[in-house]
Structures are given as C-alpha cells and as structure tokens.
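Accompanying notes for the structure given below.
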Amino acid sequence: MENKSLKQIIDNRLEKLKKIRELGVEPYAYDFNQTHHSSQITEDLIDSKVNLAGRIMSLRKMGKASFANIQDQKGRIQFYIARDDVGEENYNLFKLIDIGDYVGIEGVVFKTKTDALTIKVSSLTILSKSIKPIPDVKEKDGEKYNLVSDKEFRYRKRYLDLIINPETKDNYIKRFKIINTIRSFLNNHGYLEVETPVLQPIYGGANAKPFTTHHNALDQDFYLRIATELYLKQLIVGGFEKVYELSKDFRNEGIDRSHNPEFTMLEFYQAYSDYNFMMDFVEEMFKKVVEDLGLKQISWDGNTINFEEKFSRKTMDELIKEHTGYKIDISNHSDVLKVCNELELEVSKKDSLATLIDEIMRRKVEPNLIQPTYVINHPVEISPLAKVNRNGDINFTERFELFIAGMEFANGFSELNDPIDQRKRFEDQSNKKDDGDEEAFPIDENFLEAIETGMPPTAGVGIGIDRLVMLLIDTRWIRDAIIFPTLKSLK
RNA sequence: GCCUCAGUAGCUCAAUGGUAGAGCAGUGGCCUCUUAAGCCAUUGGUUGUAGGUUCGAGUCCUUCCUGGGGUACCA
C-alpha cells in the first residue's frame, strides 16, 4: 500500500485539484488546439503566436514569474509565464501546477537573455492534473541525475520509462516504423495480409511447447499458436498466391534476455517460387528496412554489420570447415560424432546425425556469423516441412536460415508439397513425441488433407520481428524491443 | 528449471552488528531571465516478506516474494 510520504504528495495534489475547481476551472479538459510541437520551435518563429501542449517536466517558480519545461511527443521546450502577462487569475492557476501535469499554452516565441528559445505565455490551460508523481529526472550538460535505475520499474511501468527516457521512446518509435516498412514492402510486392486462428485445436509449424487453454461451450482444449505456418499454407492451397501474417506467436518456454513467451512473428508464403527466390527477396526486405532507418551499416554489440554487400550463402559442411577446420561428410554419423568429441561438445553417440550437426552449428559456427549469412540445406530430420534437395540428396532440404551478429533472423524453405512425403514426416515427428520429445508436434490431419488436395510449389519464410528490432536498436535485450514484456505478477 | 547477485523515503544514494541519514521531489516563506534555479525553514521510514541468532540486526543465518546477471530449453 501507499506509505505516508507518497500519500502526503497525493493528498497535496488532491487539495490543489479542489482549489482549481474552486477557481471555476475544470482540471481535466476536453481538447486543446495544438498548432506546433516543441521540435518545430525555431528562430524563424520568433514573435509568432504558437499553441503547444505537453507534460510539465520541470518548474522554476520565482514569485510573480516562472519558467517551466513541457514535453510533447517530439521533445521539450521551455516556457515563461509572468503574472503581468497572463493576469492574476491565470497566474494563480499556474501556481497550482505540478510536475507531471498536462497543460496547454498559448504564447509568442522569444529568446531569453541566455539565448534559449522560449514561449512567452499569454494564457495557460490545465489539460490534466497529475495525482501521482513521476520521478523527477534532472539534467545538466547532457548528464542525467536521479534517473530511475531499477529495470523492473521500467518494465512494469513502461509509461513512466517512456516519459522519463527519450531513448526508450525513440527505440519503440523505431520498432513500429520497422513493422510499417515491412508491411509496405510486402503490400508493394502484391502480398495480402491475412489473419489465421490464434486458438488452434492442434499446434504445429514449429518445435515448441504450447500454451493450453479451454473453450467452455465446446468443452475442448485449444492451444495458443506457436506458428501460423500450417494455416497460411492452407490459404495457398485455397488459391491465394502471396500471403503474409504479422502477429503474435506464443511459446511456453523459458524467459531470458532474448526470449519472451509472446513474440511477434512474420510469416509469408509465395506460390510458384522456391528458396533461392526467397533468399533474394528477404535480402531485399532487410536492406529496405535498414535503408528506411537511414542506415547503410549498423553497429550491434560492438560489431559493425554491413548491409551493402550481398548476403553470403553457405552449406553447413562449408561453414563447419570454415569455423572449425574440420572437413567432414555431414551424412556420415560416425565422422560427425568424432568431430563433436574432438570439439569437446556435450553429445552422446545415441544422438541423431541431425542433432550432432545442429550442436556443431550452434556452438561453433552460428555465434561467429556476424555479417549477414544464409546457412542453407539443413538435414531433413530437423526440417519436417521443407522439400528435399532437387539434386537428389534426400537427407538434406532446400532450407535456409539467415544469421546476423550470431543470431537467427529468418528461416525459410521450398515448402514440402508432396503429400505422401509430408505424411511420413509428420509420422516421424509424432513418433518422436511419443518417445517423449515435448516439442515435436502432433499430426494435423486437416493440414495433411489440404496438402493432399494439392499445393502449388511454394516458398515460405518466418522472421522474428523482435530480434530484428533488437539488431536495429543495438540491444542484446528483447525487453528493450518489446514494449510490455511478460513479467510475473506481484503478490 | 539450475547457479548467482540485489531489494533502505515518490526518485537517486548513505549508514564497522550500536540513536536509520543526505540530495532531489513535496510543504511553508522570499524572489519578474530561470534552466540539476537560488536562499531560509520543514514533513516524510514496520529498511521486500516471515522467522531465527544476539544485550542489540538495514547489516549475520533461514524461508518466501520480485527483479537483475549467467546457464539450460528455444526464436
């Protein structure tokens, strides 16, 4: 509960609220005519009349005249208010203003003796009285004081983080711009944005533990989707040729620096194309996003990443050779096992070939893929929805994963459209599940029937949007990229 | 899930096991060019929670809660 100190502050503000009403003023206004934002106030506007609105961030009261700063979406601006300019009544209202209140000001732009662009107020309107105080951050010479250091505070009360920390706001503005850029890119290429069920009777399309829920009227359990893949492909079967869905997926797994239980995923599918086409397309999309942010290269966690060069494409055996020095036949289990042991990886000889390869990739290769790199042609066992290689090498698939700065950003493939093969792959997954693999997914008969009806050759891609945002705002923490991250409730 | 660190006023931080303190914010006063405004005065604490050790616990031990950092699963 609130303790005395906070209660005292709130009581004082409630008292002021009462006094404002006694002056015949409604402290929660209905509208305000904003003619300018703080960032638009320049020397060119000196002597011009302007109306601005925003939140009071600092106050310097000096008896019969005062300075204060307001913050709007674009930044901050100082205003000057003097009793002789606004009149006794309006100045008395101003005296009841606190840090955190929203106000509207009408006035004229001028420069103070210290050359600060300032609004000389002719009339002040209170727009919203703040009852609960915001942390008062002080700033001098770019140095900030009393900044809230508690990360938990910033995550639980993101609105305060946004008020206090301009760079937090900048990061989320970037996030939402990135998402808009991606939408425009896909729309401009003839894609249709679609919606598919969040509540799914059978989960699939990825290897992950799902959230489970229950529909009362149907008396049936549903899963929150872990991926949109199986529904989007049914739309391809239905005759849509280019579709995408940009939305939340849910995975009931651990929370850490780079994982949140709900996260934003983009999946898109294009009929009559293959993974080679999609690698070009994804590359173009990434370059467009980076360009729209006004960048040619980006720095992330101390690395400089260049988006001007063509993304390289390498198979797993090429990459393993490059990063470990071992030239191995990745279809030979005992060779791969031997290399795993020599690299001191924690594996057992019972592990499948695909697991062993994956282990080498994850430990020794992927963290070193700093510049944009497509890893291509994954083992069929870990790619149950991808077509096998057209060159006849049926143990490997036409699949790619895009790595940048050691993180995976995209996963795509030539979609498996052979219904007989697809059923067999599902049965293998289902057997793994029966053997206790919690993340293998169950057989989805609806999906198989759709494929049996006939799906055109198609390529599809999934892109983790939160990761992309992390890359572009240069953070290692997904909580800096997700505006309301999942937290445990306080008891 | 495991390991580890942390939690003191609205915010930032102090306090050898020995009376819980400061700055900012708040409140009252003075102040018509201030900008971490200034000057004077002043309010505000069950030290995350529940126990224990001790003459005495913010400090040592244990439980629980929440979070941070690792790590596992994973995107």
Side-chain angles (χ1 to χ4, degrees), chain A residues 1-13 15-16 57-69 76-86 91 98-100 110-118 120 130-157 160 164 206-209 226-227 249-266 346 358 362 366 401-403 407-411 437-439 462-468 470 476-479 485 487-491:
Chain A
M1 281 274 95
E2 289 158 1
N3 58 44
K4 216 168 167 186
S5 169
L6 181 57
K7 189 177 183 305
Q8 203 176 50
I9 293 170
I10 291 173
D11 283 349
N12 283 329
R13 291 193 173 197
E15 188 57 35
K16 287 179 184 174
M57 296 303 289
S58 62
L59 278 172
R60 293 173 292 285
K61 295 185 183 177
M62 304 172 295
K64 299 180 192 67
S66 303
F67 286 91
N69 288 71
R76 290 187 189 188
I77 186 85
Q78 176 172 260
F79 71 79
Y80 172 76
I81 182 167
R83 190 195 59 183
D84 293 350
D85 294 334
V86 298
Y91 199 75
D98 287 297
I99 288 172
F110 80 111
K111 253 186 172 179
T112 62
K113 285 174 186 168
T114 54
D115 265 357
L117 277 168
T118 303
K120 179 179 267 191
S130 163
I131 297 305
K132 205 163 181 184
I134 61 172
D136 68 310
V137 178
K138 301 283 186 176
E139 193 175 343
K140 190 188 185 183
D141 302 332
E143 193 86 6
K144 291 192 175 173
Y145 302 82
N146 289 1
L147 250 186
V148 176
S149 59
D150 182 3
K151 285 194 179 179
E152 181 179 0
F153 178 102
R154 296 174 57 176
Y155 300 146
R156 286 195 194 277
K157 299 179 190 256
L160 288 176
I164 297 167
N207 295 321
K209 282 174 250 173
I226 58 172
D249 286 349
F250 306 85
R251 297 188 186 174
N252 205 341
E253 288 164 350
I255 296 176
D256 67 22
R257 217 180 59 207
S258 57
H259 295 87
N260 197 64
E262 64 176 285
F263 60 103
T264 301
M265 181 69 108
L266 167 67
E346 282 183 33
D358 199 38
R362 286 181 42 201
E366 291 170 5
E401 286 180 299
L402 174 60
F403 282 86
M407 290 192 290
E408 185 198 329
F409 285 88
N411 177 25
D437 183 345
E438 278 185 279
E439 289 174 356
I463 293 175
I465 297 297
D466 309 294
R467 291 278 170 84
L468 180 58
M470 286 165 68
R476 295 168 64 225
W477 287 272
I478 200 167
R479 283 174 168 176
L487 293 173
K488 191 156 184 171
S489 298
L490 298 173
K491 285 187 178 169

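The figures here come from the full heavy-atom set of this structure, side chains too, leaving out hydrogens, waters and symmetry mates. Chain naming here is simple, since letters A, B, ... match the order of the sequence lines and numbering starts at 1 in each.
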Distance between the C1' atoms of B/A50 and B/U43, in whole angstroms?
31 Å
Quiz question: going by heavy-atom distance under 3.5 Å, is there a donor-acceptor pair between the base of B/G67 and the side chain of A/Asp150?
no
Proximal nucleotide (of B/C24, B/A37, B/U66) relative to the A/Arg60 side chain
B/A37
Between B/U35 (C1') and A/Lys61 (NZ): distance, integer Å
16 Å
If pairing requires Watson-Crick or G-U wobble contacts with both distances under 3.5 Å, which nucleotide is the partner of B/C31?
none
Please determine, for B/A36, whether a Watson-Crick or G-U wobble partner exists with both distances under 3.5 Å, and give it or none.
none
Sticking with atom P, work out how far B/G28 lies from B/A15, rounded to a whole angstrom.
34 Å
Look at the side-chain N and O atoms of A/Lys7 and state whether any lies under 4.0 Å from the OP1 or OP2 oxygen of B/U43.
no
Can you spot which of A/Leu6, A/Ile99, A/Asn12 makes a side chain to side chain contact (heavy atoms under 4.5 Å, CB included) with A/Pro133?
A/Leu6
Rounded interatomic separation in angstrom, taking CG from A/Leu266 and P from B/A75:
16 Å
Side-chain donor/acceptor of A/Thr112 to base of B/U34, under 3.5 Å:
yes
For A/Glu139, the salt bridge (charged side-chain N to carboxylate O under 4.0 Å, His left out) test, sequence neighbours excluded, returns none
Of A/Asp136 and A/Ala68, the one whose closest RNA chain B nucleotide lies more 5':
A/Asp136
Of the listed nucleotides (B/U34, B/G67, B/A75), which one gets closest to any side-chain atom of A/Glu152?
B/G67
Sugar-phosphate, base or nothing in reach of A/Ser66, heavy atoms under 4.0 Å
nothing
Look at all strands and tell whether A/Phe403 reaches a base, only sugar-phosphate, or nothing, counting heavy atoms closer than 4.0 Å.
nothing
Can A/Asp150 and A/Arg154 be counted as an ion pair, charged N to O under 4.0 angstrom?
no
I'd like to check the salt bridge (charged side-chain N to carboxylate O under 4.0 Å, His left out) partners of A/Lys16; sequence neighbours left out, ordered by chain and number.
A/Asp98
List in chain and number order the residues that pass ring-ring contact (aromatic ring centres under 6.0 Å, His included) with A/Tyr80, two or more places apart in sequence or in another chain; answer none if no residue qualifies.
A/Phe67
On the nucleotide B/G10, are OP1 or OP2 found under 4.0 Å from the side-chain N or O atoms that A/Ser5 carries?
yes
Once you round it to whole Å, what is the distance between P of B/A36 and OH of A/Tyr145?
9 Å
Interatomic distance where CD belongs to A/Gln8 and C1' belongs to B/G26 [whole Å]
7 Å
Within the structure shown, what part of the strands sits under 4.0 Å from A/Asn260 by heavy-atom distance: base, sugar-phosphate, or nothing?
base
Counterpart base for B/U8, defined by Watson-Crick or G-U wobble contacts under 3.5 Å:
none
Can you tell me if A/Ser258 and A/Arg476 form a side-chain donor-acceptor pair at under 3.5 Å?
no
Can you tell me the base-pairing partner of B/A72? Count Watson-Crick or G-U wobble geometry only, both distances below 3.5 Å, and say none if there is no partner.
none
For A/Lys64 and A/Ser58, find the nucleotide of RNA chain B closest to each by heavy atoms; which residue's nucleotide sits nearer the 5' end?
A/Lys64
Please state the C1' separation for the pair B/G70 and B/U34 - nearest whole angstrom.
48 Å
May I ask you to establish whether A/Lys120 and A/Phe110 are in a cation-pi arrangement, using a distance under 6.0 Å from NZ or CZ to the six-membered ring centre and at most 45° from the ring axis?
yes
Pick the P atom in B/G48 and in B/A20, then give their distance to the nearest Å.
15 Å
Rounded to whole angstrom, note down the P distance from B/G18 over to B/G29.
41 Å
Which atoms of nucleotides 69-73 of chain B (N or O only) lie under 3.5 Å from a protein N or O atom, and what are those distances?
unit_1: B/G69; atom_1: OP1; unit_2: A/Trp477; atom_2: NE1; d: 2.3
unit_1: B/G70; atom_1: OP1; unit_2: A/Arg257; atom_2: NH1; d: 3.0
unit_1: B/G70; atom_1: OP1; unit_2: A/Arg476; atom_2: NH2; d: 3.4
unit_1: B/A72; atom_1: OP1; unit_2: A/Arg363; atom_2: NH1; d: 3.3
unit_1: B/C73; atom_1: OP2; unit_2: A/Arg362; atom_2: NH2; d: 3.2
unit_1: B/C73; atom_1: O2'; unit_2: A/Glu439; atom_2: OE2; d: 2.9
unit_1: B/C73; atom_1: N4; unit_2: A/Asp256; atom_2: OD2; d: 2.8

Residues forming a salt bridge (charged side-chain N to carboxylate O under 4.0 Å, His left out) with A/Arg60, sequence neighbours excluded:
none
Could you state the CD1-P distance from A/Ile9 to B/C24, rounded to the nearest angstrom?
14 Å
Quick one: list whatever passes ring-ring contact (aromatic ring centres under 6.0 Å, His included) with A/Phe263, sequence neighbours left out.
none
If the condition is salt bridge (charged side-chain N to carboxylate O under 4.0 Å, His left out), which residues does A/Glu262 pass it with, not counting sequence neighbours?
A/Lys248
Just the table, please: protein N/O against nucleotides 27-29 of chain B N/O, every pair under 3.5 Å.
unit_1: B/U27; atom_1: OP1; unit_2: A/Lys16; atom_2: NZ; d: 2.5

A/Lys138 NZ - B/G26 C1' separation (whole Å)
12 Å
Nearest-Å distance for atom pair CG/P, residues A/Leu147 and B/A36:
15 Å
Minimal non-hydrogen separation, A/Asn146 against A/Val137, with atom names:
O-CG2, 4.0 Å
To the side chain of A/Phe153, which of B/U34, B/G67, B/C11 is closest?
B/C11
In whole Å, I'd like the distance from the CD atom of A/Glu139 to the P atom of B/U12.
17 Å
Opposite nucleotide pairing with B/A20, Watson-Crick or G-U, both atom distances under 3.5 Å
none
Using a heavy-atom cut-off of under 4.0 Å over every strand shown, decide if A/Glu408 touches base, sugar-phosphate, or nothing.
sugar-phosphate
Gap in Å between the two C1' atoms, one belonging to B/G44 and one to B/A9, rounded
6 Å
By a 5.5 angstrom centroid cut-off and a 30 degree plane limit, is there stacking between A/Phe263 and B/A75?
yes
Counting side-chain heavy atoms from C-beta on, which of B/U12, B/G67, B/U35 comes nearest to A/Arg156?
B/G67
Between B/U8 and B/C2, how many Å separate the two P atoms, rounded to a whole number?
25 Å
Applying salt bridge (Lys or Arg N to Asp or Glu O under 4.0 Å) to A/Arg156 and A/Glu152, what does each step give before you reach the verdict?
CA-CA 6 Å; A/Arg156 286 195 194 277; A/Glu152 181 179 0; 2.9 Å; yes
Between B/C24, B/C33, B/A36, spot the one nearest the side chain of A/Lys140, thanks.
B/A36
Determine which pairs satisfy salt bridge (charged side-chain N to carboxylate O under 4.0 Å, His left out) with at least one residue from residues 249-261 of chain A, sequence neighbours left out, and list them in order.
A/Arg225-A/Asp249
Side-chain N or O of A/Lys488 closer than 4.0 Å to phosphate OP1/OP2 of B/U66
yes
How far does the C1' atom of B/A72 sit from the matching atom of B/C65, given to the nearest Å?
24 Å
